[in-house]
**Student:** 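Next up is a structure, given as structure tokens.
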Amino acid sequence: MPELPEVETVRRGLAPLITGRRFTGAVVRQPQLRQPVPADLGARIAGKRVDGVERRGKYLLIRASGETLLVHLGMSGRLRVLTSPPAPDRHDHVDLLLDGADGGGLMLRFHDPRRFGLILLCEPQGTHPLLANIGPEPLGDAFNGDYLFRASRGHRVAVKNFIMDSHVVAGVGNIYASEALFRAGIRPQTAAGRVSHPRYGLLAAAIRGTLEQAIACGGTTLRDFIGVGGHAGYFKQELQVYGRAGELCRVCGSAVKQLRIGQRSTFYCSVCQH
DNA sequence: ACGGCCTCCTGACGGC
DNA sequence: TGCCGTCAGGAGGCCG
């Protein structure tokens with residue numbers, strides 16, 4: 001489900017609703033996520049006041065009085081803020097409870113059918129091994145064509161796989177990899193080490209532009225992504241190639257092609273991309 | 001070090 | 001109707 005724009009949409013929705021509130025506990029119905037939910041989660045967060053919500057790649061970091069909650073939505077995860085929560089369904093695995101100034105509490109409910117998501121507590125310094133080797137943020141200053149060019153020398157992987165590697169750049173998933181390569185005019189199957197310096201300049205700009213535009217749209221809802229308030233993202237209507245196999249390229253009118261690279265569906269235009 | 005495949009899990013969909 | 005294979009927005013781990 002969520003790539004960087006969707007996680008950022010969640011972060012932006014979440015931060016103003018929970019910042020300043022105090023955790024009162026947690027209900028864990030299903031601890032078996034990608035890694036086990038800490039058994040003492042509720043006890044560890046109880047009484048901690050939320051200072052803010054950050055994002056690193058596709059990870060959310062909820063900072064609260066020196067404790068840091070790490071949340072990843074995996075492929076099918078959702079986070080909702082609820083004031084009067086309905087009875088949990090079978091995939092509502094964790095509820096994080098927060099107090100309310102007027103007595104009305106809030107619930108942060110984690111829902112994840114495939115359970116590839118993650119809820120962990122960080123080390124006292126607020127770090128975690130899962131975050132240690134993530135590449136630069138694509139919206140940050142360290143990410144540019146120069147960086148991609150240098151990082152890619154000698155690599156024979158397809159450039160699409162290269163930009164989807166979180167150690168290379170954080171947060172670019174299957175949708176936005178195809179979209180950014182289309183915008184940059186680069187074929188996804190090209191070996192990363194054979195893409196020129198100027199073309200990496202185009203690609204870095206395309207990645208940044210695509211992600212920023214998707215964030216402005218509240219993310220992409222393909223089937224089930226919703227923000228914390230329950231709203232769908234509307235970047236789907238802006239998609240140029242992803243999910244459009246056989247449909248006409250919006251630029252040149254030829255049929256969008258689909259192939260599999262590294263077990264992932266990949267979409268491109270064979271006229272616009274070389 | 002690198003690259004490619006597998007894995008975790010559930011659900012939806014198409015074909016027979 | 002059901003059963004089976006395939007695919008789905010992630011990403012760490014393992015193997016050669």
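These numbers come from the heavy atoms of this one structure, side chains and all, not from hydrogens, waters or symmetry mates. Naming convention: chains lettered A, B, ... in sequence-line order (proteins, then strands); numbering from 1 in each chain.
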**Student:** Any chance NE2 of A:His197 has more than 12 other-residue heavy atoms, nucleotides or ligands included, within less than 6.0 Å?
**Tutor:**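 Check passes, neighbour count above 12.
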**Student:** Taking atom P of C:dG12 as reference, at what distance in whole Å does atom CG of A:Leu120 sit?
**Tutor:**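 About 12 Å, once rounded to whole Å.
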**Student:** In this structure, how many angstroms lie between the P atom of B:dG3 and the NE2 atom of A:His167, rounded?
**Tutor:**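 Those two atoms, NE2 and P, are 13 Å apart.
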**Student:** Distance between the P atoms of C:dG10 and B:dA1, in whole angstroms?
**Tutor:** 26 Å
**Student:** Can you check salt bridge (Lys or Arg N to Asp or Glu O under 4.0 Å) on A:Arg109 and A:Asp95, steps first, answer last?
**Tutor:** CA-CA 4 Å; A:Arg109 176 166 276 173; A:Asp95 293 337; 2.8 Å; yes
**Student:** I'd like the P distance from B:dC5 over to C:dT6, given in whole Å.
**Tutor:**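 16 Å, rounded to whole Å.
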**Student:** Assign each of A:Arg115 and A:Val157 to its nearest nucleotide of DNA chain B by heavy atoms, then name whichever residue's nucleotide is nearer the 5' end.
**Tutor:** A:Val157
**Student:** Under 4.0 Å from OP1 or OP2 of C:dA11: is there any side-chain N or O of A:His72 that close?
**Tutor:**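 Yes, A:His72 has a side-chain N/O under 4.0 Å of OP1/OP2 on C:dA11.
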**Student:** Provide, to the nearest angstrom, the distance between the CG atom belonging to A:Leu33 and the P atom belonging to C:dG10.
**Tutor:** 17 Å
**Student:** Nearest-Å distance, CZ (A:Phe162) to P (B:dC2)?
**Tutor:**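 Interatomic distance, CZ of A:Phe162 to P of B:dC2: 10 Å.
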**Student:** What's the CD-P distance between A:Gln35 and C:dG10, to the nearest Å?
**Tutor:**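 Rounded to the whole Å, the gap is 18 Å.
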**Student:** Does CZ belonging to A:Arg150 count more than 12 external heavy atoms closer than 6.0 Å?
**Tutor:**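 Not buried by this count: 12 neighbours or fewer within 6.0 Å.
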**Student:** Any non-hydrogen side-chain atom of A:Ile215 less than 4.5 Å from a side-chain atom of A:Leu4?
**Tutor:** yes
**Student:** Going by an N to O cut-off under 4.0 Å, is there a salt bridge joining A:Arg63 and A:Asp51?
**Tutor:**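 Between A:Asp51 and A:Arg63 there is no salt bridge, as every charged N stays at least 4.0 Å from the carboxylate O atoms.
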**Student:** Nearest whole Å is fine: how far is C:dA11 C1' from A:Asn161 CG?
**Tutor:**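 It is 12 Å, rounded to the nearest whole Å.
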**Student:** Would A:Arg260 and A:Ser265 count as having a side-chain donor-acceptor pair, cut-off 3.5 Å?
**Tutor:** yes
**Student:** Given atom CG of A:Leu73 and atom P of C:dA11, what is their separation to the nearest angstrom?
**Tutor:** 10 Å
**Student:** Are more than 12 heavy atoms, taken from residues, nucleotides or ligands other than A:Arg156, located less than 6.0 Å from that residue's CZ atom?
**Tutor:**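 At most 12 heavy atoms, drawn from other residues, nucleotides or ligands, come within 6.0 Å of this atom.
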**Student:** Mind running a 4.0 Å heavy-atom check of residues 85-93 of chain A against DNA chain B and sending the residues that fall below it, in number order?
**Tutor:** A:Arg90, A:His91
**Student:** Using modelled atom types and a 3.5 Å cut-off, is there a donor and acceptor pairing between side-chain atoms of A:Gln273 and backbone atoms of A:Ile186?
**Tutor:**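 Flag set: sc A:Gln273 to bb A:Ile186 pair under 3.5 Å.
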**Student:** Please check if A:Leu79 and A:Leu120 belong to a single hydrophobic cluster, counting links between Ile, Leu, Val, Met, Phe, Trp and Tyr side chain heavy atoms closer than 4.5 Å.
**Tutor:**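 Cluster IDs for A:Leu79 and A:Leu120 differ.
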**Student:** Check every strand shown and say whether A:Gly173 touches a base, only sugar-phosphate, or nothing at a heavy-atom separation below 4.0 Å.
**Tutor:**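 The residue A:Gly173 makes sugar-phosphate contact but no base contact.
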**Student:** Take a 6.0 Å sphere around CG of A:Asp141 and say whether it holds more than 12 heavy atoms from other residues, nucleotides or ligands.
**Tutor:** no
**Student:** Does A:Tyr59 place a side-chain N or O at less than 4.0 Å from the phosphate oxygens OP1/OP2 of C:dG12?
**Tutor:** yes
**Student:** Could A:Glu3 and A:Lys58 be called an ion pair, given the rule that one side-chain N must be under 4.0 Å from one carboxylate O?
**Tutor:** no
**Student:** For DNA chain B, report each stem as range with range, ordered by first number, or say none. Use Watson-Crick or G-U wobble pairs under 3.5 Å, at least 3 in a row.
**Tutor:** B:2-8 with C:10-16, B:10-16 with C:2-8
**Student:** Could you list, one pair per line, each protein nitrogen or oxygen that sits under 3.5 Å from a nitrogen or oxygen of nucleotides 4-8 of chain C, together with the distance?
**Tutor:**
residue: C:dA8; atom: OP1; partner: A:Ser265; partner atom: OG; Å: 2.3
residue: C:dA8; atom: OP2; partner: A:Arg260; partner atom: NH1; Å: 3.2
residue: C:dA8; atom: OP2; partner: A:Arg260; partner atom: NH2; Å: 3.1
residue: C:dA8; atom: N3; partner: A:Arg114; partner atom: NH1; Å: 3.2

**Student:** Quick check, does A:Phe116 stack with C:dA11? I mean ring centres under 5.5 Å and planes off by under 30°.
**Tutor:** no
**Student:** Whole angstroms only, please: what is the CD-C1' distance between A:Gln32 and B:dT7?
**Tutor:**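 For the pair A:Gln32 CD and B:dT7 C1', the rounded distance is 15 Å.
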**Student:** Classify the ring geometry between A:Tyr59 and A:His72 as parallel (under 30°), tilted (30 to 60°) or perpendicular (over 60°).
**Tutor:** perpendicular
